[in-house]
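All chains are named by letter (A, B, ...) in the order of the sequence lines, taking the proteins before the strands, and each is independently numbered beginning at 1. Because the structure is predicted, anything quoted here is derived from the model rather than measured.
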2 protein chains.
Amino acid sequence: MSHTKSQRVTQRTIAELAGVSQATVSLVLNGKADSTSRIPEATRRRVLDAIAETTYVADPAARSLAGVGNDLVGIFTYEPAFPQETSDFYAPLLMGIETTAESLGVDLLMFTSAPIVDGRRQLFHEKNRLRLADGCLLLGQKMDTGELNRLVDSGYPFVAIGRRDDPAGRIPYVGVDYANATSTLAELALARGHTRFYSLHVPTDAESTRDRQSGLVRVLDEARVELTSATTDGSDLEAAWRAIRKAQPTVLIVEDATHAHRLVDIAVADGVDVPNDLSIVVLGERTRPSERGLDFTRLAAPRPQLGSNAITLLHQIMNGSSDAVEPLPHRQLLECVIIEGATLGAPRIGSNL
Amino acid sequence: MSHTKSQRVTQRTIAELAGVSQATVSLVLNGKADSTSRIPEATRRRVLDAIAETTYVADPAARSLAGVGNDLVGIFTYEPAFPQETSDFYAPLLMGIETTAESLGVDLLMFTSAPIVDGRRQLFHEKNRLRLADGCLLLGQKMDTGELNRLVDSGYPFVAIGRRDDPAGRIPYVGVDYANATSTLAELALARGHTRFYSLHVPTDAESTRDRQSGLVRVLDEARVELTSATTDGSDLEAAWRAIRKAQPTVLIVEDATHAHRLVDIAVADGVDVPNDLSIVVLGERTRPSERGLDFTRLAAPRPQLGSNAITLLHQIMNGSSDAVEPLPHRQLLECVIIEGATLGAPRIGSNL
DNA sequence: AAAGCACGGTAATACGCATTAGCAGTTGCC
DNA sequence: GGCAACTGCTAATGCGTATTACCGTGCTTT
C-alpha cells in the first residue's frame, strides 16, 4: 500500500544485481544441488553477496503458494489466551510450545481474528485463516468433535491438546492421563482410611472431566466405597457446601482449583477444619498458591511438556516423519504428577462436619 | 505433500459447481459491485450455495500474493514471553494486544524462531522473517537504536512498546510516562516529610530506567533534597542493603519489584520495620501480591492499554490512516497509575535504621 | 436498420517463488 | 572427429486469488 511497487526486493531484484536469472537465485537460496542443476561457487557467491547488500527475504505467501512450507505453526485457542483468568491455564502450555518452537525454528501464529460466539472462538468461519500456517495446535478444554473431524478430512495437519474422544482414532492429540492420576489419588485417600467420598466437578462433559470421574469411580467401585457426586459451575458454592455438609463425606474431591479455594474459605467460616474435619483433594488446573497459604493435595498436569510434545508431534506430521527418527505416536497421554499437599489427612471420628 | 492434487477446494472448484468462471467467484466473494462488473442476485446465489456445499476457504497465501494484505501483525519479544519470570511482564501487554487484535480482525505472529544470543533474540539475522507479517510490534525493555533505525529505513511498519530515545523522531512508539509518575511519587514522599532519599535501580541504561531517574532527580533537585543512588542487578541484595543502612535514608525508592520484595525480607530480618523505620516506594513492573501480604506504594503502568494502543497505531500505519479517522500520534506516552500502598509512611525520628 | 448502450460475464494477467525441461557450450572417450 | 556426457544456466510453468480489459447479447434509440 504505502510501498511503491519498485520498493519491494524480490528474487528478480537480486537476479539483476547478480546478473543471473530469477531461477538461479531461487536455486541458490534453496541449496538445490541436484545433478540436474548445479551452481558453481563463483555464481553462488555473487548471488549471496547481492542478497547481503539488500534486505531481501522471501515472501512467505509466495513460498506457501509455491507449495513449500513456511515453518509457521498456528495456535488456535478457543478462548482468549492472555486475560488473567485463562492465562494461568494457557501460559504454561504456551511456554512449552514457545521453547520448543524456538528449537524447531518455527514461528507461532495466533489466530486471534476468529470471531467469538458465546465466549468461544469459532474454528470454521467465513474468512478461516488456518491455512496461513503449515499446521495448527488446538488448545481448549472442550472442542467440537464434528469440527475436528472436518479438519481431519481436509487433510490439514493439526494436533489437539487434551485427550479427544474419537473412536475412529483419527484425531491426533497429546493429553493428560487424568483417569489414572485420579485413581491414584483415590487410592491414596482409601489407604488413609477414608470411607465416604464426595466429588464436586464442573458441569461440562469435556473429556478431561469425564476421565477424572471414571478414574475415581473405577477405584471406588472396586473398593465398594460410597461416592456422592455433584456438579457446580461455581456460581453458588454456598449451596454446594450445604449439600456437602449434608452428605458428611470424609474426603472431598474438587475438580476446579478456584472452587476449592473458595470452598475452604466457606468451610472455615462454617467452623470446619481442613483437613482435620474434612480432607480435600483437588483435581484441577489453574492452581496458584492459596491466599491462605493452603497447600492442596492435588494433581498437576505437566503442561509445559504437554505443549512441547504437541508441537513436536505436529512438526513431525507437517514435515513427514524423517525415516531417521522414530515416528511419534499420534495419540499421547502424559502422566500427571501427584502433589502431596497438606489437605489429605486421615478421617476423624466425630468430625466437626 | 499428503494431499492429492484434486483434494483442495479452490475457487475453480466452486466455479465449476456453479457453472461460472473463477473470476466470477472471486467477484462474488469480494462483493465487488463496480459498475464495471455487476452480478445479478441469481448468480450470486448459485455461487454462494456452491460454497456452502463445500468447505471452501480462500487461501490466505494466494490472497496475500494477489496484493491484499493478510492482516498479520507480528510480535517480536526480545526475550521468550511465557516463562514465569517474563510472563508477568508480557502477559498484560499481550492481553491488551490480543483483545484489540480481535476487534481489528488481525492475527498475531510471534517470532519465536529468531536466534537467541546472550539471552536476547536477534531482530536481524540470516533468515529474518519479519516480512511474514504486514507490520510488527516490538516488545522488550531495551532495544538497539541502530536496529530500530535500520527498520525505519527499510520502510517496514512497526511500533515499539516503551519510549525510545530518538532525536530524529522517526521511531513510532507507545510508552509510559515514567518520568512524570516518578516525580509525582517523589513529591508524595516530600509531602510526607522525607528528607533523605535513596534510589536503588537496575544497571541497564534503558529509557525506562533513565526516565524514572530523571523524574526523581528533577523533583529532588528542585526541593534541594539529598539523593543517594545505587544500582544492583539483584545478585547481591545483602550488599545493597548494607549500603542502604549506611546511608540511612528515610525513604527507599526501588525500581525492580522483585528486588523490593526481597529487600523487605532482608530488612525485617535485620530488625527494621517497614514503613515505620524506613519507607519504600516501588517503581517497577512485575508486581504481584507479596508473600508477606505487603502492599507496596508503587506505580503501575497501564500495560494492557499500552498493548492496545500500540497495535491500534500499528494497524493505522499499516493501512494508511483512513481520512475518516483522526490520525493517531506516532509517539505516545501513557499516564502511569500511582498506587497508594502501605509502605510510604512519615519518616520517624530516631528510626531503627 | 444501424448505432449506441447497459448488462452479465469471461479471458488474461500479475503477484513472488519453486521446479522442471531443456538449451548452448564444453569436455571426455574411442 | 564424431558422439555422448556433462556443466551451468535459463525459459517456462504452476500455485490460488484479485482485477482489469474486453466481448457477446439483447434492448433502446434515431
Provide, to the nearest angstrom, the distance between the CG atom belonging to D59(A) and the P atom belonging to dA18(C). 10 Å
Candidate nucleotides dG16(D), dT19(C), dG9(C), ranked by approach to the side chain of P40(B) - the nearest: dG9(C)
The helix from dA1(C)-dT30(D) to dC30(C)-dG1(D): angle between end helix axes, five pairs per end, rounded to 10 degrees: 60°
What is the distance from CZ of R131(A) to P of dC15(D), rounded to the nearest Å? 15 Å
Among the nucleotides dT17(D), dC17(C), dT20(C), whichever has the atom closest to the side chain of R63(B) is dT17(D)
Taking Y56(B) for its side chain and I14(B) for its backbone only, find out whether a donor-acceptor pair lies under 3.5 Å. no
Does T24(B) have a side-chain nitrogen or oxygen under 4.0 Å from the phosphate oxygens OP1 or OP2 of dG9(C)? no
Any salt bridge (charged side-chain N to carboxylate O under 4.0 Å, His left out) pairs touching residues 101-123 of chain B, not counting sequence neighbours? E98(A)-R121(B), E102(A)-R121(B), R121(A)-E102(B), R129(A)-D107(B), E79(B)-R120(B)
Residue Q11(B), side-chain heavy atoms: nucleotide from dG9(C), dT10(C), dT17(D) that is nearest: dT17(D)
Specify the separation, in whole Å, of atom CZ of R46(A) and atom P of dG8(D). 12 Å
Who are the ring-ring contact (aromatic ring centres under 6.0 Å, His included) partners of Y78(A), not counting sequence neighbours? F76(A)
Nearest whole Å is fine: how far is dT17(D) C1' from I51(B) CD1? 13 Å
Of all the nucleotides listed (dG9(C), dA18(C), dG16(D)), which has the minimum atom distance to the side chain of T10(B)? dG16(D)
Euclidean distance, atom CD of residue E16(A) to atom C1' of dT10(D) [Å, nearest integer]: 15 Å
Could you give the CG-to-C1' distance, from L27(B) to dT10(C), as a whole number of Å? 10 Å
R46(B) meets the salt bridge (charged side-chain N to carboxylate O under 4.0 Å, His left out) criterion, sequence neighbours left out, with none
Residues in salt bridge (charged side-chain N to carboxylate O under 4.0 Å, His left out) with D71(A), at least two apart? none
Can you tell me how far apart NE2 (H330(B)) and CD1 (I317(B)) are? Round to the nearest 0.5 Å. 4.0 Å
Could you work out which one of dA11(D), dG14(D), dG9(C) sits closest to the side chain of S21(A)? dA11(D)
Pairs involving residues 143-154 of chain A, ordered by first then second residue, that meet salt bridge (charged side-chain N to carboxylate O under 4.0 Å, His left out) (sequence neighbours left out): D153(A)-R170(A)
Closest of dC17(C), dC15(D), dT17(D) to the L65(A) side chain is dC15(D)
Polar side-chain atom of T112(A) near backbone of V106(B) as donor-acceptor pair, under 3.5 Å: yes
Closest-nucleotide ordering on DNA chain C, the 5'-leading residue of A23(B) and A58(A): A23(B)
Starting from C1' on dT19(C), measure out to CG on N30(A) and report it in whole angstrom. 10 Å
T43(B) side chain, from C-beta outward: closest of dG9(C), dA18(C), dT17(D): dG9(C)
How many Å lie between CZ on R12(B) and P on dA18(D), as a whole number? 13 Å
By the 4.0 Å heavy-atom rule, please label V20(A) as base, sugar-phosphate, or nothing. sugar-phosphate
